[in-house]
Amino acid sequence: MQSTRRKLVVEGGSSIVDFDNKAFKPIPQAGIDLAVEAMQAGVMYRYQPKSKEASITANLEHAFANYIGVKHAVGTNSCGSAMFIALNIADVQPGDKILTNAFTFHAVPSVIQHARAVPVLVESNREWGMDAEDLDRKAAASGAKVLLMSYMRGHVPDMDAVMEVVRKHNLIFIEDCAHAYETRWNGQFLGTFGEIGCFSTQSSKGMSAGEGGLFITNNDEYAAKAVLYAGSYERLWLKHFDLDHQMMDMLQNQVPGYSMRMQEVTAAMLTPQIARLPVIKDIHVRNWNLLHSLINDHPNIEIPMPLPQVDSFCDTMQFHLVGLSRDDADRFIDAMKQEGVPMQIFGAKRNARDFRQWEYIEAHKDELKDTIANIEFACDLSLQPHLTEDNIRVIAQVIQDVLAYINGE
Ligand SMILES: Cc1ncc(COP(=O)(O)O)c(C=O)c1O
């Protein structure tokens with residue numbers, strides 16, 4: 001039965017999409033001005049300014065630490081670097097086992113491999129957070145002492161249950177907050193539950209500078225070591241706020257420097273973005289709720305809801321396609337792309353978020369049945385903050401039209 005539905009691009013029709021849902025956020029003008037000033041002065045290296053007060057990077061670190069409510073933040077050249085530094089601070093040795101998510105981006109197992117350690121992959125639940133019961137089992141079975149947990153796409157597991165496992169097994173807990181800006185559990189910022197939190201400022205993230213990362217901690221010694229691992233030498237650490245000078249003098253030549261520093265231009269681009277986070281979060285939440293209300297009732301769509309304790313950033317939306325074959329799910333993705341709303345399925349087409357693609361690690365990959373079930377038909381849609389209410393309505397319309405086409409309506 002052919003209805004009056006409009007013809008899709010795949011049927012020789014035309015698209016109704018005149019925007020790019022994946023376009024990244026521009027840098028606020030104040031950040032551009034600050035970066036240009038630094039470049040014009042030739043002061044791009046973070047330790048060039050004469051004092052910490054004059055350093056854009058030191059000021060950014062100080063402001064980010066204040067915003068999150070922790071004692072220390074250290075700028076790095078990526079979140080991967082921040083996590084690598086964290087594993088070094090945790091004294092991870094080659095061959096050590098590290099508990100981590102089976103569902104995350106490949107940067108995370110890559111960092112574990114970079115430290116020559118061995119990931120122990122923990123199952124995800126239907127809402128894509130880490131399964132605390134499997135974490136408990138794997139912690140007991142592996143004897144691992146470190147947990148590097150991702151809040152992949154901002155999804156938060158039951159943090160009370162996770163923290164119980166962390167305490168029970170005395171784990172060093174490192175939080176990968178690359179996707180968890182402005183995200184809270186019971187009012188507490190993610191990144192402050194473990195010993196160390198790591199944020200990304202790569203362009204698709206909540207704070208965006210092309211590349212970059214931020215390492216946060218309340219532990220003075222970890223902060224001191226992070227500064228040194230990132231590449232502070234001699235007494236350059238004087239150009240940081242909030243460090244313990246006695247400790248720095250003692251540690252100065254004991255810790256190698258891995259050249260993972262943030263640079264002034266990166267910090268300049270990020271400086272006005274801290275205050276922008278709650279502003280763009282409001283847009284994200286509004287758009288996410290609207291899209292949810294428009295597509296949630298569709299019989300082929302399942303949108304698992306976060307636990308009530310979670311306050312999410314909502315800069316992306318994920319949903320499971322239900323009742324479709326593998327072929328039809330792949331046709332859905334192809335048609336969405338042709339309509340101008342590109343999205344991906346985590347568990348298909350050699351996606352870097354599918355653990356079965358991480359050929360460089362040895363892992364019990366066949367046993368992770370829950371994660372396979374939870375990524376196989378999981379669609380991932382970017383909802384950048386330039387999207388208007390009208391744009392969201394168009395996205396919902398396109399999703400519904402394409403599903404009707406797939407269903408032969
Ligand atoms: C979940 C997750 N963790 C960590 C990273 C690493 O971030 P970066 O590119 O800043 O190293 C990414 C990158 O996209 C990511 O998606």
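Start at 1 and go down the list; that is how both ligands and their atoms are numbered.
Protein heavy atom closest to atom 12 (C) of ligand 1, with residue, atom name and distance, is Phe105 CD2, 3.7 Å. The shortest contact between atom 9 (O) of ligand 1 and any protein heavy atom is with Gln202 CB, 4.0 Å. In terms of protein heavy-atom proximity, atom 16 (O) of ligand 1 is closest to His179 NE2, 2.7 Å. Protein heavy atom closest to atom 10 (O) of ligand 1, with residue, atom name and distance, is Ser200 OG, 2.7 Å. For atom 2 (C) of ligand 1, the nearest non-hydrogen atom of the protein is Asp176 OD2, 3.4 Å. Protein heavy atom closest to atom 6 (C) of ligand 1, with residue, atom name and distance, is Ala107 CB, 3.7 Å.
Which parts of ligand 1 touch Met83 is read off a 4.0 Å heavy-atom cut-off, strictly below it: atoms 4 (C). Per-residue contacts place Val108 under 4.0 angstrom from the following atoms of ligand 1 (heavy atoms of the residue considered): 3 (N). Distances below 4.0 Å separate heavy atoms of Gly212 from the following atoms of ligand 1: 10 (O). Proximity to Ser78 (heavy-atom distance under 4.0 Å) selects the following atoms of ligand 1: 10 (O), 11 (O). In summary, the atoms of ligand 1 found under 4.0 Å from a heavy atom of Met152, numbered by their order in the structure, are 1 (C). Each of the following atoms of ligand 1 lies closer than 4.0 Å to a heavy atom of Thr104: 1 (C). Those atoms of ligand 1 that come under 4.0 Å of a heavy atom in Lys205, given as number and element, are 13 (C), 14 (O).
A donor atom on one side chain and an acceptor atom on the other are not found under 3.5 Å apart for His106 and Gln357. When only modelled atom types and interatomic distance are considered, Asn391 and Thr388 share a side-chain donor-acceptor pair under 3.5 Å.
Pairs of residues two or more places apart, or lying in two chains, that qualify as ring-ring contact (aromatic ring centres under 6.0 Å, His included) and include a residue from residues 309-329 are Trp128-His320, His284-Phe313.
You'll find the ring centres of Phe189 and Tyr67 inside the 6.0 Å limit.
Smallest separation of non-hydrogen atoms from Leu291 and Ile395: CD1-CG2, 4.2 Å.
The backbone and the side chain of Cys79 each have at least one atom closer than 4.0 Å to an atom of ligand 1 (non-hydrogen atoms only). By the criterion of a heavy-atom distance under 4.0 Å, neither the backbone nor the side chain of Thr201 is placed next to ligand 1.
Residue Lys97 qualifies as open at atom NZ: its count of foreign heavy atoms under 6.0 Å is 12 or below. The environment of Gln246 atom CD is sparse: at most 12 non-hydrogen atoms of other residues, nucleotides or ligands sit within 6.0 angstrom.
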Next on the checklist: Show, in sequence, the C-alpha distance, side-chain angles and deciding distance for Phe173 and Phe193, and conclude whether the ring-ring contact (aromatic ring centres under 6.0 Å, His included) test is met.
Outcome noted: CA-CA 8 Å; Phe173 180 21; Phe193 284 82; 7.7 Å; no
Item to check | From CA spacing to verdict: side chain to side chain contact (heavy atoms under 4.5 Å, CB included), Ile56, Glu264 | outcome: CA-CA 6 Å; Ile56 304 171; Glu264 290 287 270; 3.5 Å; yes
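Considering backbone and side-chain atoms alike, Gly80 places an N or O below 3.5 Å from some N or O of ligand 1.
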Acceptor/donor pairs from residues 211-219 side chains to any protein atom, 3.5 angstrom cut, sequence neighbours excluded:
{"residue": "Thr217", "atom": "OG1", "partner": "Glu195", "partner atom": "O", "Å": "2.8"}
{"residue": "Thr217", "atom": "OG1", "partner": "Asn219", "partner atom": "N", "Å": "3.0"}
{"residue": "Asn218", "atom": "OD1", "partner": "Lys71", "partner atom": "N", "Å": "2.9"}
{"residue": "Asn219", "atom": "OD1", "partner": "Glu221", "partner atom": "N", "Å": "2.9"}
{"residue": "Asn219", "atom": "OD1", "partner": "Tyr222", "partner atom": "N", "Å": "2.9"}

